Every structure is written in C-alpha cells, then in structure tokens.
Amino acid sequence: MVKVGGWSLPNSRRDEPPYFSKTQLVDVLEQVAVLLELSGANGFKVRAYQNASRALSSMEEDLFSIISEGRLLQVKGIGKGIGGLITESVLHGTWGDMQSLYDKVPTGLIEIVGIPGLGPKKVKALYDSLGIESIEQLKTACELDHISSLPGFGKKSQKKIFDGIDLLRRYQGRTRMDVGLLFGRSLEEKISLIEGVEKAQLAGSARRRRETIGDLDIVVSSLAINHQTVIQEILGLPGIAEVKGYGDSKISLILEQEMLSSSIGTGALDERLAETLMDRNSDATIDAQVRIVTPETFPFTLAYFTGSKEHNIRMRQEAINRGLRLNEFGLFPESLAGSSIGMEAAKHTLLCSDESEIYKNLDMHWVPPEMREDMGEIEAASTSKSLLPELIIPEDIKGAFHNHTIYSDGSNTLEEMAQAAQSLGWQYLGIADHSETLNIGGRSIGISSNLVPNQRSEIIKLNQIWSDEGVDFRLFHGSECDILADGKLDYSDDIRNIFSHVVGSIHALGSWRNRDEIENTEMLIRAIEDPTFTILGHPTGRILQVREGIPIDMHAIIRRMGELNMEGNLKAIEINASPYRLDLDWRLCKFAKEQKVPICINPDAHDVNGLNDVWYGVQIARKGWLERSDILNTKTGAEIESLFNVR
DNA sequence: GCCGTTTTCGGCCCGACTGTTTTCAGTCG
C-alpha cells in the first residue's frame with residue numbers, strides 16, 4: 001500500500017553529494033512506478049521501476065560508494081535508464097524530467113486506486129473522461145449516475161465504487177502480527193473441528209510472520225464429497241461479520257471480535273491479548289480468505305498461498321526451467337498440460353504429499369515459511385547441501401536484557417520481574433530502566449544518578465540469595481540509557497560504568513527527525529563507540545502503523561558495530577520484541593549476522609506479562625534467517641556474566 | 001525499462017473472478 005503523504009520528489013538538505021539516501025531513492029522509484037501506471041505507461045516498464053526499488057532496498061552496500069565506483073549497473077534490475085536517474089539524483093541532487101511526471105498526475109488519483117476494484121487503468125479512464133481527480137468528485141459522480149454509462153463501466157461497477165469509498169474510509173489497512181495471528185489461529189482452530197475437514201492451516205503473510213498482516217489466508221483439506229457441507233459449516237461459524245462471497249472452493253469473509261471470544265485451547269499469552277482487545281471495545285476486523293481443496297491438492301495450494309508474490313514468481317520460474325509448470329493445484333510437465341490451465345492442467349501433476357516434496361521436485365530443500373520472501377532463500381535452498389540456516393526457536397531463549405521495573409515506568413518490582421523470568425525457565429533477566437533525562441509529557445521517568453546505587457545494591461542482594469540457594473538465576477543491572485541528540489549518552493561516565501550493560505536508545509525523536517540520514521547516522525555511531533555502550537535498543541524508533549523510524553543508514557551502523565566487535569568489543573543490536581515495534585526490521589537481521597553483530601531479542605517488558613513478547617521477537621529473528629548462535633540471549637547466564645561488565 | 005547458452009529485439013509468472021461484453025480487459029492476490 002502506497003502512503004499518500006509526502007507525495008513529491010524530495011529536496012536535498014545537503015550541499016554536497018550524496019544528495020539523497022538509498023531510502024529516499026527506494027521511495028521515489030516506488031512512487032514513480034505508481035505514477036507511470038496512472039499515466040498509462042507500459043506495464044513492464046512499471047515493473048522495471050518496482051524491481052529497481054526492490055533491488056535498492058535489499059542492497060546492503062552504501063549506495064554512494066557503489067555509484068562512485070561505477071558499479072551501479074552491475075546491480076540486477078538496474079539498467080541504463082533507472083541507473084542514470086539514480087546517479088543524477090545522488091551526485092547532482094536533480095531528478096531529470098521526473099518532475100513533469102509528478103506534475104502530470106494529480107495526487108488524488110493515488111488515493112483513488114486504493115478503492116477496491118479500481119486499478120490504475122480504470123482510474124485513468126475516469127480521469128480522462130470525467131476529469132475525476134479526487135475521492136469527493138468520484139463520490140459525486142456516482143451519486144449523479146455519471147459512471148454507469150461510461151464504456152467498460154456499468155451499474156454494478158458504479159455501486160461497487162460507491163460502496164468502496166465507504167470501505168476505504170473504514171479500512172484499517174494491515175493488522176499487527178499479534179492481533180492477526182490471534183484471529184487467524186482462532187479461525188484455523190474452528191475450521192479444524194468441522195466434520196469432514198482433514199486439515200486447516202493458516203497460510204499467507206500470517207504464516208510468513210510478517211510484522212503486519214493484510215488479510216488471513218486459510219487452506220482447508222477435505223474430500224471432494226464433503227466440500228459443500230464444510231463450506232456451509234464455515235459460513236455458520238460465530239464471529240463472522242460479513243460474508244463477502246463464496247463459491248465451490250473459496251469463501252471470502254470479514255471476521256469480528258466474537259471470533260476471539262469463543263476461541264479455545266489457545267495459550268495464556270493469546271487469552272490475555274484477546275481480553276485486551278475486548279476490553280478496549282475495539283472494532284478491529286480482519287478479512288479472511290478460505291480455500292477448500294482435496295487432500296492431494298492441499299500441499300500445492302498451501303505453498304501457493306504461503307509464498308510471497310516474489311517467492312512464488314521465482315518458484316514458477318524454477319519449474320519452467322525444468323520443463324514444468326507450477327500453479328496452486330499442482331506441478332506438472334508443460335508438455336502434458338498443453339493449452340489447458342488451472343485444475344485441468346494439474347490433472348497431470350507429480351504427486352507431492354507435502355510441501356517439501358514440491359521443493360524436492362524442483363531440486364530444492366524445503367524452505368521455512370518465514371523465509372519465503374525471495375531474499376536469497378531460493379539460491380540457498382538450491383545447493384546440494386542446504387545453505388538454509390537452522391532457525392532459532394522460542395525454547396532457545398535463556399533470558400533477556402531490556403526490561404523495566406517500578407524504578408522507572410514499569411509496573412512490577414525487581415523481585416516480581418525475576419520471578420516471572422524464572423517461571424519461564426530463564427537463567428537471567430537484564431534490568432534496563434530508563435535513564436535520568438527521559439521525561440514524557442513533562443513527567444520525569446528515568447532513574448536519577450543518585451538512585452542508581454540503590455538499585456544496584458538491591459540487585460546484588462537478590463543475586464546473593466539465589467546464589468546461596470544454588471538457584472541458577474541472576475539479574476543483570478543494566479540501563480536503558482538515552483542517546484542524546486548530539487550522540488552522547490545520558491549519565492556521567494562513572495554512573496554508566498556501574499552498569500553491567502548499557503542499552504542505548506533514542507527517545508526524544510524530534511531532533512533526529514529534523515536531520516538527514518547522514519548526520520543521524522554519524523551521531524548514532526558516536527554513541528555506539530562509547531566504551532560503555534553494549535546494545536542498541538529499538539534501533540529506528542518505529543512504531544508499527546503509527547510512525548516511521550528516524551532516517552538512518554542501518555547498514556552503515558551495523559557495519560560499524562561489526563568493526564568494533566572485531567576489535568574485541570561487545571556491541572549488539574536488539575530486536576525489540578514488542579509487537580508494536582518489532583524493530584530491528586527482519587530484512588536487516590541477515591546482514592547483522594554477516595557483519596558479526598550479535599542480536600538480542602528483548603521484550604522491553606514493562607510488567608511481568610510483557611516478558612512473553614519474546615515469542616514475537618523470535619518470529620522476527622526466524623524471518624531474518626537467524627540461528628541459535630546468532631542470538632546473545634541463547635547463551636547461559638554464566639556465559640553472559642563473563643561477557644558483561646559484572647563485578 | 002531490464003535482460004540475454006536465442007547479445008540488440010522480443011520476451012517479461014499464473015490463474016480466478018468480476019462485470020462488461022458476446023470474447024475480453026481489468027483487478028486482485
């Protein structure tokens with residue numbers, strides 16, 4: 001989904017190259033693709049811009065270096081045309097004649113393509129014939145019955161557009177992973193219990209563990225003779241706000257809160273979340289697509305609706321390379337399928353009892369769902385000895401380093417937090433309360449310098465008790481220390497040296513937002529280089545669906561941390577496991593691993609229940625290709641003690 | 001616009017669904 005805000009070419013805040021950052025280029029290329037589409041450009045050209053944007057965003061090296069060294073055109077997906085535009089903008093700060101494209105397309109059109117059923121072609125037709133360039137105008141045109149007589153439109157289209165405008169207004173966009181999974185598992189469970197259902201499995205972005213989920217996809221396996229009764233049963237389930245449509249093999253639904261209230265057998269974690277949602281009297285809903293297939297077809301359909309679009313494209317290409325064709329019903333020789341399509345073509349499918357056999361027929365190892373994003377997994381799975389990592393699991397976690405108590409803005413005591421950690425089977429808990437300068441809304445939140453020793457002695461006392469009792473558990477006395485606008489850390493050097501570990505975090509985002517990426521990166525690196533600095537907390541400050549992170553070159557920061565680690569320091573980076581943050585972004589995890597920067601999965605808990613959030617962090621780590629050995633909090637308490645500043 | 005055991009043009013992933021048409025274009029995932 002394209003954001004409408006900031007729909008213009010960026011101006012540079014710098015007076016020397018690089019005038020623009022990679023992130024800015026990624027955004028511009030994506031916008032250009034949309035504008036081209038709306039102005040009726042060739043679809044393949046549009047895709048070229050999308051591909052180039054994607055290529056840039058997954059590029060790990062510094063863009064300016066690549067351009068300076070003349071290596072830009074070696075990047076797959078960037079050719080002469082787009083490469084020239086990128087080079088011009090970065091080196092000279094200008095955008096060629098791109099401004100004319102921006103001028104040509106009214107920004108209102110971008111909003112209009114968000115209406116379900118209206119794509120770029122139809123939006124352009126409305127603009128060309130009726131001059132419609134805003135949602136308001138479109139609504140009026142519907143009311144005046146001006147749409148239905150247009151070629152290619154009709155009465156039904158007009159009504160659909162009119163209803164769609166309302167839908168767009170209510171449309172919440174994507175749903176956070178925790179909430180989406182809650183709905184998804186609940187529906188999955190209810191369908192599984194229906195008679196005649198062999199299996200119901202969540203697919204789509206929920207199964208891939210994206211940090212936000214668009215709509216839910218559920219694939220249901222059932223013998224053909226049972227399909228009709230199963231469909232009727234599903235339509236009658238509680239918690240369905242609306243049935244958008246259904247046929248012989250597919251149901252499209254909108255789920256509402258009641259779906260959660262009657263859920264059974266979910267863990268304590270999910271029950272609490274369900275309660276919270278109900279308490280807030282939230283009107284959150286989520287769309288769900290249910291596909292009913294036969295047991296033989298199930299693995300193909302599951303794989304098809306699990307892979308990201310990009311992963312699936314690559315998979316189909318792998319099939320083509322072997323004289324095969326892959327669709328949601330099977331994998332079959334092109335020669336036998338001929339001109340038939342869909343289920344008919346799949347009559348000749350190779351039999352696969354599960355997903356792994358589909359991959360095997362394409363000479364690949366099975367790829368965990370989280371990794372199906374075309375981020376290198378196809379290549380890694382295609383080698384004779386798999387290069388896919390053995391992904392971390394939640395049970396590997398032995399503690400966490402960033403948690404709050406009543407000393408700052410937490411709501412439980414040291415003892416209560418420790419007890420909760422012990423009941424999770426952890427060997428340690430890192431306390432990292434806020435530092436002195438932090439105040440939110442004029443209220444001071446952090447621990448003042450003179451109170452730090454109090455917390456220290458309380459922790460020493462508790463640790464002594466466990467040690468005496470022979471309990472393998474300890475608290476680490478750390479700090480979530482503010483990184484100030486000039487890159488200095490809060491507290492004096494003396495105070496910071498008291499702590500076993502320092503989680504450096506940015507909280508006062510204002511000045512960081514008003515600076516460019518290059519300056520922010522410089523300041524943050526300055527903070528990281530401080531000898532007392534241990535862990536970078538919620539690295540970009542993003543809050544999912546609320547605010548973007550600060551402009552920052554994460555690749556450069558991770559590279560620098562890697563260098564410092566090579567010099568014998570311990571500089572780690574956090575995956576903040578709060579489902580509303582999930583920052584570090586999963587796309588950067590693999591890079592951090594390659595640069596030898598350890599990752600911590602930190603729940604950032606503010607109460608005893610918050611510790612459970614670690615589970616979401618593990619999902620992100622899996623998505624980011626991380627193994628047990630990449631994660632700092634899979635180490636034992638004794639190992640961490642020897643790594644930290646513990647005296 | 002990008003790409004290439006088919007090096008400079010002709011491809012570029014697959015299919016369902018919808019509504020408009022009367023064979024298909026556009027949208028969606």
Side-chain angles (χ1 to χ4, degrees), chain A residues 1 29 32-33 36-38 40-55 72-86 96 98 101 112-126 147-161 164 203-205 208 213-217 219 244-252 287-291 293 297 300-301 303-321 324-332 334 337 339-346 374 378:
Chain A
M1 173 70 69
L29 291 176
V32 168
L36 283 172
E37 218 173 359
L38 284 170
N42 175 306
F44 294 110
K45 182 171 169 178
V46 171
R47 239 182 44 203
Y49 277 89
Q50 287 167 341
N51 288 341
S53 173
R54 216 176 114 75
L72 184 60
L73 296 194
Q74 289 167 20
V75 179
K76 193 169 149 58
I78 296 176
K80 261 186 176 165
I82 297 178
L85 178 69
I86 295 172
M98 275 301 144
L101 179 66
I112 297 178
V113 281
I115 296 170
L118 280 186
K121 293 247 167 59
K122 289 200 163 174
V123 171
K124 186 173 185 303
L126 289 170
I147 308 269
S148 63
S149 54
L150 295 176
F153 293 81
K155 284 275 179 204
K156 277 192 172 178
S157 309
Q158 183 170 277
K159 175 151 192 339
K160 205 177 160 200
I161 291 169
S205 53
R208 292 202 313 281
I213 292 164
D215 54 9
L216 298 168
D217 291 283
V219 183
K244 286 166 75 179
Y246 70 96
D248 292 340
S249 61
K250 182 177 159 179
I251 306 176
S252 185
D287 285 13
Q289 320 287 330
V290 184
R291 267 106 185 163
V293 296
T297 306
F300 298 103
T301 313
Y304 184 87
F305 287 104
T306 297
S308 68
K309 185 179 155 198
E310 290 78 11
H311 177 87
N312 286 347
I313 288 173
R314 293 290 307 274
M315 289 288 283
R316 286 192 284 264
Q317 194 59 54
E318 290 298 319
I320 291 169
N321 295 346
L324 301 169
R325 205 200 307 169
L326 177 64
N327 65 16
E328 63 260 56
F329 305 111
L331 174 66
F332 41 87
E334 183 64 50
S339 61
S340 58
I341 59 166
M343 200 123 52
E344 181 64 22
D374 189 24
I378 302 279

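Everything numeric here is computed off the predicted structure, so don't read it as measured data. These values consider heavy atoms only, across backbone and side chains, with no hydrogens, waters or symmetry-generated copies. Quick note on labels: first sequence line is chain A, next is B, and so on, each numbered from 1.
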So which protein nitrogen or oxygen atoms get under 3.5 Å of nucleotides 3-11 of chain B's nitrogens or oxygens?
unit_1: B:dC3; atom_1: OP1; unit_2: A:G77; atom_2: N; d: 2.4

Salt bridge (Lys or Arg N to Asp or Glu O under 4.0 Å) against [X], all qualifying residues, sequence neighbours excluded:
X: A:K155; result: A:D145
X: A:R316; result: none
X: A:E310; result: none

How close or far is atom [atom2] of [N] from atom [atom1] of [X], stated in whole angstroms?
X: A:E318; N: B:dC14; atom1: CD; atom2: C1'; result: 16 Å
X: A:L36; N: B:dC2; atom1: CG; atom2: P; result: 12 Å
X: A:E310; N: B:dC14; atom1: CD; atom2: C1'; result: 14 Å
X: A:E334; N: B:dC14; atom1: CD; atom2: C1'; result: 11 Å
X: A:F44; N: B:dC13; atom1: CZ; atom2: P; result: 7 Å
X: A:Q50; N: B:dC2; atom1: CD; atom2: P; result: 14 Å

Can you tell me how far [atom2] of [Y] sits from [atom1] of [X], rounded to the nearest 0.5 angstrom?
X: A:R54; Y: A:L29; atom1: CZ; atom2: CG; value: 14.0 Å
X: A:E318; Y: A:N321; atom1: CD; atom2: CG; value: 5.5 Å
X: A:M343; Y: A:T297; atom1: CE; atom2: OG1; value: 7.0 Å
X: A:L326; Y: A:Y304; atom1: CG; atom2: OH; value: 9.0 Å

If I pick the [atom1] atom on [M] and the same atom on [N], what distance separates them, to the nearest angstrom?
N: B:dC13; M: B:dC17; atom1: P; result: 22 Å
N: B:dT20; M: B:dT27; atom1: P; result: 13 Å
N: B:dT23; M: B:dT18; atom1: C1'; result: 15 Å
N: B:dT7; M: B:dG11; atom1: P; result: 14 Å
N: B:dC9; M: B:dG15; atom1: C1'; result: 29 Å
N: B:dT6; M: B:dC12; atom1: P; result: 15 Å
N: B:dT21; M: B:dG26; atom1: C1'; result: 13 Å
N: B:dC2; M: B:dT8; atom1: C1'; result: 13 Å

Between A:R325 and A:Y49, which has a closest nucleotide on DNA chain B that is more 5'?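 Nearer the 5' end of the strand: A:Y49.
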Of A:R314, A:R208, A:K309, which meets salt bridge (Lys or Arg N to Asp or Glu O under 4.0 Å) against A:D374?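 Single pass found, and it is A:R314.
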Please list all pairs meeting salt bridge (charged side-chain N to carboxylate O under 4.0 Å, His left out) that have one or both residues in residues 112-125 of chain A, counting only residues at least two apart or in different chains.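 Every salt bridge (charged side-chain N to carboxylate O under 4.0 Å, His left out) pair that includes a residue of residues 112-125 of chain A, provided the two are not neighbours, is A:K124-A:D128.
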Can you give one letter per nucleotide of nucleotides 16-29 of chain B, 5' to 3': B if a protein heavy atom sits under 4.0 Å from the base, S if only from the sugar-phosphate, - if neither? S--SSS----SSSB
Would you classify A:R314 as touching base, sugar-phosphate or nothing, given that sugar-phosphate means primed atoms plus P, OP1 and OP2, and contacts are heavy atoms under 4.0 Å?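 Touches nothing.
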Report yes if at least one side-chain N or O of A:N51 is closer than 4.0 Å to OP1 or OP2 of B:dC2; otherwise report no.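 Negative; the distance criterion is not met.
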Looking at every non-hydrogen atom in both residues, tell me the closest pair between A:Q50 and A:A33 and how far apart they are.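 Closest pair (atom of A:Q50, atom of A:A33, distance): CG-CB, 3.7 Å.
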Paired with B:dG26: which nucleotide, if any, by Watson-Crick or G-U wobble criteria at under 3.5 Å for both distances?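 WC or wobble partner is B:dC17.
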